[in-house]
A.B. asks: 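Supplied in structure tokens, the structure appears directly below.
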Protein chains: 4
Amino acid sequence: MPKLTDEAFASRRDHILWSALRCFARQGFHSTSMAQVIAESGVSAGSVYRYFPSKADLILAAGDWVLGRVLDAADEAVAIRDEASPVAVMRVVFERIHENLHPDGEDRSVVALSVWQEATRDARVAAMLQHNYGELRARVRVLVVRWRDAGHLPVSTDADGLATALFALIPGLIVQHHALGAEIDSGAAFGAIEALFAGAEAAAHAARDQAQDV
Amino acid sequence: MPKLTDEAFASRRDHILWSALRCFARQGFHSTSMAQVIAESGVSAGSVYRYFPSKADLILAAGDWVLGRVLDAADEAVAIRDEASPVAVMRVVFERIHENLHPDGEDRSVVALSVWQEATRDARVAAMLQHNYGELRARVRVLVVRWRDAGHLPVSTDADGLATALFALIPGLIVQHHALGAEIDSGAAFGAIEALFAGAEAAAHAARDQAQDV
Amino acid sequence: MPKLTDEAFASRRDHILWSALRCFARQGFHSTSMAQVIAESGVSAGSVYRYFPSKADLILAAGDWVLGRVLDAADEAVAIRDEASPVAVMRVVFERIHENLHPDGEDRSVVALSVWQEATRDARVAAMLQHNYGELRARVRVLVVRWRDAGHLPVSTDADGLATALFALIPGLIVQHHALGAEIDSGAAFGAIEALFAGAEAAAHAARDQAQDV
Amino acid sequence: MPKLTDEAFASRRDHILWSALRCFARQGFHSTSMAQVIAESGVSAGSVYRYFPSKADLILAAGDWVLGRVLDAADEAVAIRDEASPVAVMRVVFERIHENLHPDGEDRSVVALSVWQEATRDARVAAMLQHNYGELRARVRVLVVRWRDAGHLPVSTDADGLATALFALIPGLIVQHHALGAEIDSGAAFGAIEALFAGAEAAAHAARDQAQDV
DNA sequence: GATGAATGAGGTTTCATTCAT
DNA sequence: GATGAATGAAACCTCATTCAT
């Protein structure tokens, strides 16, 4: 066989990666055997190892893919909504995450739970997680600063603290979703935070008006 | 040999459980072998299996212990602070969680990451997680309702949505802590949310005053 | 099961070791699979790995056993024959080697070939080989010095060179035996060297007598 | 595509063979993978298999090449030194072996260790070894007979036994060299044997003179 | 009741070889 | 003729669990 084109190589690699993701979503990293990934992908053991030198590499790539889709979702939402509140954007991010992770109807957000756990054992996964979540958190912080500077939040607002709190919604809602099931309404959670923001904004305006009166 | 007294039985069981927890905190459930638990506990393999019929049972018990300490923390905080805001109570809960999980200086909050992941594989762990987080969420909801009914939040406040959002802080901050390390200041996150609450409260009062004026 | 006594432990370990030696003698280290050793020994895989943590350890132990028997043979021969010529002792050593390595009629001297080869790949085997052959060579050197000092060899004899040459007989004859088969008569080789020694001794005496005459 | 000329074919084959020899010298036959040979040679897997139908064939050819160089060394030495003692010729053979095996500074005498070991597993390698060493031994025997017939050794000398003993020097010194390293002085070993020969020759002459006197 | 040696299914990975291009 | 991606049997080793003592 002649040398694979780059696209053909990437396509085969992606096929294996997505097969692995289906397995990982069902059973987590460590309860998925390479034999299962091999069976799911339909290629030979040797081929899987040609594209991913070890199970750890496959886990790393799968985790990176999932967190990468989350980051993509954030990028899209942040880019488009210029004048929207951070919570509104986060809501869109959260919806996009689900869309990005379900191109075929299978839930891949569970894999995030496996990534968090794996990061405690594998330094490369930890680094990958740190990088992805560092970037993601930076996006959230931008939203907060932009909103505060537009006058919707008091100037005294602690952008870092608020970014941390808003970021927490994403893993926090994923965990609740998987732990408590359908009874969790993440839309309502965003609505509640939005109401808080609205109240805070009103108070901020009132304070400003009062300051101007004097 | 004579039958073990109940206390002796419970004491040996706890000893094994805590040994297992140390291992699980270091390496997660699946990278901890029973041999390691056995070595850490200093008892024989046969003994471990007398108190925990299988590794799955040991994982279940360890997970339950960790989530139970979280629930304890919530109970204490909810019981004591009658007139405090939900955020203030959550902050205390979060601090208590760390205290409860570090009786000996070792961090056991990581085990929560393992529990979330394990729940996707083991129905009993999923049920245990659902029960614990259901209870915990109910506590949070009580805080919200109490606070709203005391007039600190608009009557229109969606208690379920807000409870979901506040609950999200706990796993959300734990994940950020383990992913991003020391740069995450959970205290600042609580502070930021508290500021939002304060703003919302001011707005709520203003609205009420206006309503009364009419 | 209660703790194994030291003898029981050693006995089981020896059983596995000898099973492995049979396999190694037939096929060499690398063409013998652990599965074959396991089948030959009749115990489980886990048991084999309890006594030998890895295949490399089993190879090391097997090699050490074989070279140890050679060293034993040398020790016995050196201790007993006080007044015999080095060649006569070497001949006995060579015969003893065969006896020591064939307690059950199976030839285990081939394993030496595997050890030499393995030493080029495994540092521990190399160290073990160096130690065993260093000791063995020291024994040969003692024989030479003793014989020279007893006046059977010229005082100018290079003990190190002669020791190296005599030592070479052992691997040299083993290789010829395995390469060329039965047509090799190692007894005749020792006889030829013995004749050389006798000639050299006569010459040495003649030289001394002449020196005294003057 | 046009048929390869015989020279082109042989040239490519030799290139692959020498690449394999470099690998075999470094790691032995069984720890060298075909992938390593392929990488070292810079040609494709398919090409390697065109010139050598299997790894066993490559091993056979490599072994034959190494032993062939040894035989070449013996032929040259035997042809040139007509009046030299067998030991002197062997010394030259030994030096030539090293020259022949180090055309590029890499030691290929280790491969001999692999060949001896492989012969216990592969009948074709065994036959090749037997042929090469049979030829080599015949050369050594010629030296001995020639020397004895020239009157340097007693007529009673056992040519076969002495040939076996002298032949043993070659593998015996190679093994010691690889096992014990630089502390082995093969030149000294030849010197010591040469001294023995000299002594034996003196004794032989004395005996003859005495016989003539009578 | 406690012990710990033994079990063996199953895990990950390698590698000699083939054959479509 | 040459290429190199694909194959899959088989390698080494682990580990949850059992049960004779």
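A, B, ... follow the sequence lines: proteins, then strands. Residue 1 opens every chain.
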A.B. asks: Specify the closest pair of heavy atoms between D:Ile38 and D:Ser44, including all atoms of both residues, with the distance to one decimal.
C.D. replies: CG2-C, 4.2 Å
A.B. asks: If you look only at pairs with a residue in residues 15-24 of chain D, which of them pass as a salt bridge (Lys or Arg N to Asp or Glu O under 4.0 Å), with sequence neighbours excluded?
C.D. replies: D:Arg22-D:Glu40
A.B. asks: Looking only at heavy atoms, which two atoms of C:Asp107 and C:Val110 are closest? And how far apart?
C.D. replies: O-CG2, 3.8 Å
A.B. asks: In terms of the nearest nucleotide of DNA chain F, which residue is placed more toward the 5' end: A:Ala45 or B:Ala35?
C.D. replies: A:Ala45
A.B. asks: How many whole angstroms separate atom CD1 of B:Ile59 from atom C1' of F:dC15?
C.D. replies: 13 Å
A.B. asks: Taking only side-chain N and O atoms of A:Ser44, does any of them lie within less than 4.0 angstrom of OP1 or OP2 on F:dA6?
C.D. replies: no
A.B. asks: Please tabulate, for side-chain N and O atoms in residues 5-18 of chain C, each donor-acceptor pair with protein atoms closer than 3.5 Å (sequence neighbours left out).
C.D. replies:
residue: C:Thr5; atom: OG1; partner: C:Ala8; partner atom: N; Å: 3.1
residue: C:His15; atom: NE2; partner: C:Ser41; partner atom: O; Å: 2.8

A.B. asks: Not counting sequence neighbours, which residues clear side chain to side chain contact (heavy atoms under 4.5 Å, CB included) with B:Asn132? List them please.
C.D. replies: B:Asp64, B:Leu67, B:Leu71, B:Met128
A.B. asks: Between E:dG10 atom P and B:Lys55 atom NZ, what is the distance in whole Å?
C.D. replies: 16 Å
A.B. asks: Where does DNA chain F pair, written as one dot-bracket string 5' to 3', with Watson-Crick or G-U pairs under 3.5 Å, ( ) inside the strand, [ ] for crossing pairs and | for another strand?
C.D. replies: .||||||||||||||||||||
A.B. asks: In whole angstroms, how far is the P atom of E:dT17 from the CD1 atom of D:Ile16?
C.D. replies: 15 Å
A.B. asks: Please confirm whether the shortest side-chain N or O distance from D:Arg50 to OP1 or OP2 of F:dT3 is below 4.0 Å.
C.D. replies: no
A.B. asks: What are the residues of residues 18-34 of chain A, sorted by number, that bring a heavy atom to within less than 4.0 Å of DNA chain E?
C.D. replies: A:Thr32, A:Ser33, A:Met34
A.B. asks: How long is the line joining CG of D:Leu58 and P of E:dT17, in whole Å?
C.D. replies: 10 Å
A.B. asks: Give every donor-acceptor pair under 3.5 Å between a side-chain atom in residues 115-127 of chain B and any protein atom, sequence neighbours left out.
C.D. replies:
residue: B:Trp116; atom: NE1; partner: B:Tyr133; partner atom: OH; Å: 2.9
residue: B:Gln117; atom: OE1; partner: A:Ser114; partner atom: OG; Å: 2.5
residue: B:Glu118; atom: OE2; partner: B:Arg121; partner atom: NH2; Å: 3.3
residue: B:Thr120; atom: OG1; partner: B:Gln117; partner atom: O; Å: 2.6
residue: B:Arg121; atom: NE; partner: A:Ser31; partner atom: OG; Å: 2.7
residue: B:Arg121; atom: NE; partner: B:His30; partner atom: NE2; Å: 3.4
residue: B:Arg121; atom: NH1; partner: A:Ser31; partner atom: OG; Å: 2.7
residue: B:Arg121; atom: NH2; partner: A:Ser31; partner atom: OG; Å: 3.4
residue: B:Arg121; atom: NH2; partner: B:His30; partner atom: NE2; Å: 3.3
residue: B:Asp122; atom: OD1; partner: B:Arg124; partner atom: N; Å: 2.7
residue: B:Asp122; atom: OD1; partner: B:Val125; partner atom: N; Å: 3.3
residue: B:Arg124; atom: NH2; partner: B:Asp57; partner atom: OD1; Å: 2.4

A.B. asks: For D:Tyr49 versus D:Ser54, what's the shortest heavy-atom pair and its separation?
C.D. replies: CE2-CA, 4.1 Å
A.B. asks: For the pair made of NZ in C:Lys3 and P in F:dT21, what is the distance, rounded to whole Å?
C.D. replies: 18 Å
A.B. asks: If you find the nucleotide of DNA chain E closest to A:Ser54 and the one closest to D:Tyr49, which residue's nucleotide is nearer the 5' end?
C.D. replies: A:Ser54
A.B. asks: So, do D:Ile59 and D:Phe24 sit near enough that their side-chain heavy atoms are less than 4.5 Å apart?
C.D. replies: yes
A.B. asks: C:Tyr51 OH to E:dT7 C1': how many Å, rounded?
C.D. replies: 13 Å
A.B. asks: For the residue pair A:Gln36 and A:Cys23, what are the closest heavy atoms and their distance?
C.D. replies: O-SG, 3.9 Å
A.B. asks: Compare side-chain N and O positions of B:Arg12 against OP1 and OP2 of E:dG1 and report whether any pair is under 4.0 Å apart.
C.D. replies: no
A.B. asks: 5'-most contact on DNA chain E: A:Gln36 or B:Ser47, nearest heavy atom basis?
C.D. replies: B:Ser47
A.B. asks: Roughly, in whole Å, what's the span from CZ in B:Phe52 to P in F:dA16?
C.D. replies: 15 Å
A.B. asks: Report the distance from atom CZ of B:Arg13 to atom C1' of E:dG1, rounded to the nearest whole Å.
C.D. replies: 17 Å
